[in-house]
2 protein chains.
Amino acid sequence: MDGRPANDTTSPWMPFENRRRARDEKREAVLRTAVQLFLEQGYHRATLNEVAERLNITKPALYNYFRSKEDILFECWALGQEQVDGFIAAIDGSRQNGLGKLRALVHSYAETMATDFGASLVRFDPRDLSPSNAKTVRAAKRGIDRTFRRYITEGIADGSIKPCDPKMAAFAIAGSLNWIGHWYQRGGELTPDAIADDFAERLTEGLATATVNKRPIKQPPAPRTKKSAARAPTTKKK
Amino acid sequence: MDGRPANDTTSPWMPFENRRRARDEKREAVLRTAVQLFLEQGYHRATLNEVAERLNITKPALYNYFRSKEDILFECWALGQEQVDGFIAAIDGSRQNGLGKLRALVHSYAETMATDFGASLVRFDPRDLSPSNAKTVRAAKRGIDRTFRRYITEGIADGSIKPCDPKMAAFAIAGSLNWIGHWYQRGGELTPDAIADDFAERLTEGLATATVNKRPIKQPPAPRTKKSAARAPTTKKK
DNA sequence: ACTTTTTATTACCCGTGAGTAATATAAGCC
DNA sequence: GGCTTATATTACTCACGGGTAATAAAAAGT
C-alpha cells in the first residue's frame with residue numbers, strides 16, 4: 001500500500017523518516033531550552049548564544065531550524081496555544097452544562113499554566129512578534145476569552161450559573177488563572193494538580209446557582225476533567 | 001519659625017524653592033511620559049530618545065534628572081508602590097473586620113491597577129532592575145501578598161470570612177486584580193470605578209460567611225489614598 | 001570511492017540604543 | 001554688568017547581540 005518498492009538491500013524510506021524525526025527532535029530540544037531560558041531571564045535578556053550554549057552547539061546552528069529569534073519565540077507560544085486549543089475542543093465536544101464546562105476549562109487551563117509552554121502564553125509579550133505573528137496571537141487570545149464568556153453565557157442559559165456579566169466574570173477568572181503562570185514554580189509546595197482542583201472550585205463557586213455538594217470541600221464529585229484525552233493532533237508543519 | 005531673615009527686598013529662598021519645584025515638576029513630567037511609553041511599547045523597545053522627543057528635549061537632558069534608564073523605570077514603579085503603601089496604611093488603620101479590610105483593599109487595588117503607575121507594578125519586569133532595586137521590588141511584592149493573607153486570616157479569626165487557605169485565596173484574588181493592569185485601557189466601556197466596585201464584591205463573596213448587605217456594593221468606607229505626600233526628596237546630583 | 005546534502009563552525013557585519021564629553025545657552029544672583 | 005550654576009545641545013563612544021558569509025565536517029545516497 002505504501003508504494004514502497006520491494007527493495008531487499010536498503011529501504012530509502014526508513015532513513016528518510018529517521019532523519020526527519022531527528023530533525024524534529026532537535027527542533028523541539030531547541031524550543032524546550034529556549035522557552036526555559038526566556039522564562040528564566042525574559043526574552044530580551046536571553047541570548048541565542050546562551051540557548052545554543054545550553055545545547056552544546058553554537059548560535060548559527062540554530063538557524064538551521066529557525067529563521068530568527070522571534071520565530072523561536074512564536075513557536076514556543078504556539079506549542080502552548082496548541083495545548084489550550086486541544087482541551088477547549090475536548091470540552092466543547094463534551095456533554096455538560098455551562099458550569100461543568102467552565103469548571104473543566106478552569107481546571108485544564110490551570111494545569112497548563114503550570115507548564116513552561118503554558119506559562120509562555122501569558123509571560124511572553126506579543127509586541128516582540130512580527131505584525132503577522134502578533135495578529136495570530138491576538139486572535140488566539142480573543143478566542144480564549146470568547147470561550148470563557150461562552151461557557152458562562154451557556155451556564156446562565158441552562159440555569160447552572162446565576163445571571164451575571166459574562167465579560168467581567170471572564171476577566172476575573174482568567175486573571176486568576178493567568179497569574180498562575182507568574183507565581184508557580186516547580187518544586188514548590190503546591191502541585192499543579194492541587195492548584196487546578198482548588199481553582200476549579202474556587203473560581204466557579206461564586207457563579208453556581210446550586211450550592212449543592214459544597215460539604216466535601218476537597219474532591220467535589222464534580223465531573224473530572226479528562227486530562228490529556230484525545231487531543232487533536234494538530235499536526236502543523238513537518 | 002523658619003530661620004528666614006526678615007528681608008523686605010527679595011527673599012533668596014523663594015526663588016530657590018521655585019527652582020526646586022520646577023525641577024521636581026520636570027522630573028515628574030519625565031516619569032509620566034516614560035511610564036506611558038514603557039507601557040505602550042514595553043521597556044526594552046522604548047528608547048530614551050523617544051521619551052525625550054515627546055518632551056521636546058534631547059536624550060542627554062534626561063540625565064540631568066535621572067542617572068539611567070533603569071533609574072527611571074524604578075522611579076515609575078516606586079510611584080505606583082507609594083499609592084499601594086498609602087491605601088494599605090489607611091486600611092490598616094481603619095476599624096473594620098477582616099472581610100471589610102479585604103474588600104477595601106480589593107477596591108483600592110483595582111482602582112490603582114487602572115492607572116499608569118499602578119499598572120507598572122505588574123507590567124514592569126523586576127529583572128530589568130539592578131540587583132539592589134530588584135530586591136526592593138521583591139520585598140514590596142511580598143509585603144502586598146502578606147497584606148492580602150493577613151486580612152484573610154484576620155477575617156477567619158473574627159468570623160467574617162469562612163475558613164479557607166489564605167495563601168491560595170490571596171493568589172486567586174491578587175491574580176484577578178493584577179490582570180486588570182493588562183487589559184484595562186482608558187476610554188473603554190468599563191470605568192475604573194465600575195471595575196473596582198464589581199471586583200470588590202465578586203472577589204470576596206465566595207469568602208464571606210454572611211451573605212448580608214449584598215445590595216449596596218458601592219463605596220466602602222475605605223479611606224482615600226493620599227497622593228504625593230512627603231517623599232524623600234532624593235536629591236541626587238547637583 | 002565519489003558526489004550531494006545536511007549540519008555545524010569560525011569569523012565577521014552592523015544596527016541599535018544607552019551613556020558620556022565637550023560645549024553652548026539660559027537663568028539666578030550679587 | 002559680570003560671575004556662577006543649572007540646563008540643554010551636538011557629536012561621539014562603545015558594548016551587545018541578532019543575523020550572515022564562507023567554509024568545514026559529517027552523513028546520506030549512488
Side-chain angles (χ1 to χ4, degrees), chain A residues 4-5 7-30 33-34 37-38 41-74 128-130, chain B residues 5 7-30 33-34 37-38 41-75 127-130 233 235-238:
Chain A
R4 179 187 306 173
N7 191 338
D8 48 357
T9 56
T10 57
S11 165
W13 295 105
M14 255 309 271
F16 178 77
E17 280 304 324
N18 273 350
R19 261 167 63 177
R20 291 277 290 204
R21 194 160 56 92
R23 185 179 172 84
D24 285 351
E25 272 164 13
K26 286 180 191 167
R27 263 183 75 94
E28 279 181 36
V30 171
T33 304
L37 199 69
F38 290 170
Q41 313 193 341
Y43 178 68
H44 287 99
R45 277 170 298 279
T47 71
L48 290 188
N49 269 320
E50 192 168 350
V51 172
E53 198 178 352
R54 290 197 183 184
L55 291 162
N56 297 314
I57 55 176
T58 58
K59 180 176 58 172
L62 296 174
Y63 286 82
N64 275 316
Y65 305 99
F66 300 93
R67 278 191 300 272
S68 65
K69 190 186 184 188
E70 183 245 310
D71 192 20
I72 295 175
L73 183 72
F74 178 71
D128 287 321
L129 297 170
S130 69
Chain B
N7 191 339
D8 47 358
T9 55
T10 59
S11 165
W13 295 106
M14 254 309 271
F16 177 77
E17 281 303 325
N18 272 350
R19 266 174 51 181
R20 289 273 295 208
R21 197 161 53 92
R23 185 180 170 83
D24 285 350
E25 272 163 15
K26 286 180 192 167
R27 263 183 74 94
E28 278 181 38
V30 171
T33 303
L37 199 69
F38 290 172
Q41 312 192 341
Y43 178 66
H44 288 99
R45 278 170 297 279
T47 72
L48 290 188
N49 269 321
E50 191 166 351
V51 172
E53 197 178 353
R54 290 198 183 184
L55 291 161
N56 296 316
I57 56 177
T58 58
K59 181 176 58 172
L62 296 174
Y63 286 83
N64 276 317
Y65 306 100
F66 300 94
R67 280 192 298 271
S68 64
K69 189 186 184 188
E70 183 245 312
D71 192 19
I72 295 175
L73 183 73
F74 178 71
E75 296 261 7
R127 291 171 299 191
D128 288 321
L129 297 170
S130 70
T235 14
K236 8 195 83 142
K237 70 186 337 185
K238 314 242 152 140

Atom pairs, protein N/O to nucleotides 23-27 of chain C N/O, distance under 3.5 Å:
none

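- In this structure, B:Tyr43 does not reach the C:dG17 phosphate: none of its side-chain N or O atoms is under 4.0 Å from OP1 or OP2.
- Residue B:Asp24 contributes atom CG, which lies 10 Å from atom P of D:dT7 at whole-angstrom precision.
- One finds the CD atom of B:Glu28 at 10.5 Å from the CD atom of B:Glu75 (value rounded to the nearest 0.5 Å).
- Spacing between atom CG of A:Leu73 and atom C1' of D:dG18 amounts to 14 Å, rounded to whole angstrom units.
- Residues satisfying the side chain to side chain contact (heavy atoms under 4.5 Å, CB included) test with B:Lys59, not counting sequence neighbours, are B:Leu48, B:Asn49, B:Tyr63.
- Here the closest non-hydrogen pair linking A:Leu37 and A:Thr47 is CD2-O, 3.9 Å.
- Between its opening and closing five pairs, the helix from C:dA1-D:dT30 to C:dC30-D:dG1 changes axis direction by 10°, a value rounded to 10 degrees.
- Residue-level contact check: A:Tyr65 touches the backbone only, with heavy atoms under 4.0 Å from sugar-phosphate atoms and none from bases.
- Residue A:Gln41 contributes atom CD, which lies 13 Å from atom C1' of D:dG17 at whole-angstrom precision.
- If you check every strand for non-hydrogen atoms under 4.0 Å, B:Ala22 touches nothing.
- Rounded to whole angstrom, the span from the CZ atom of B:Phe74 across to the C1' atom of C:dA18 amounts to 20 Å.
- Taking every heavy atom of both residues into account, A:Ala29 and A:Leu55 meet most closely at O-CD2, 3.9 Å.
- The separation between A:Lys69 atom NZ and D:dT20 atom C1' is 17 Å, rounded to whole Å.
- Protein atom CZ of B:Arg27 is 12 Å distant from nucleotide atom P of D:dT7, rounded to whole Å.
- Interatomic distance, OG1 of B:Thr58 versus CD of B:Glu53, reported as 11.0 Å (0.5 Å rounding).
- In this structure, the CZ atom of B:Phe66 is 12 Å from the P atom of D:dA8, given to the nearest Å.
- At C:dT16, none of the side-chain N or O atoms of B:Arg45 fall inside 4.0 Å of OP1 or OP2 (strictly under the cut-off).
- Near DNA chain C, meaning a heavy atom under 4.0 Å from it, residues 48-64 of chain A has A:Ile57, A:Thr58, A:Pro60, A:Ala61, A:Asn64 in order of number.
- The aromatic rings of A:Phe38 and A:Tyr43 stand perpendicular to each other, their planes meeting at an angle above 60°, with 30° marking the opposite boundary.
- By the 4.5 Å heavy-atom criterion applied to side chains, A:Asp24 and A:Arg27 are counted as neighbours.
- Within the 4.0 Å cut-off from OP1 or OP2 of C:dT7, not a single side-chain nitrogen or oxygen of A:Lys26 is found.
- When the nucleotides C:dG19, D:dG18, C:dA18 are ranked by their closest atom to the side chain of B:Thr47, C:dA18 comes out on top.
- In this structure A:Asn64 satisfies the side chain to side chain contact (heavy atoms under 4.5 Å, CB included) test with no other residue, sequence neighbours excluded.
- Within the structure, salt bridge (Lys or Arg N to Asp or Glu O under 4.0 Å) pairs that include any residue of residues 41-50 of chain B comprise A:Asp125-B:Arg45, A:Asp128-B:Arg45, B:Glu50-B:Arg54 (at least two apart or interchain).
- Summarising the geometry of A:Ala61 relative to A:Ile57, their closest heavy-atom pair is CB-CD1, 3.9 Å, with the distance given to 0.1 Å.
- The separation between B:His44 atom NE2 and D:dG18 atom P is 12 Å, rounded to whole Å.
- The shortest non-hydrogen separation linking A:Val51 to A:Thr33 is O-CG2, 3.9 Å.
- A close approach under 4.0 Å does not occur between any side-chain nitrogen or oxygen of A:Arg67 and OP1 or OP2 of D:dG19.
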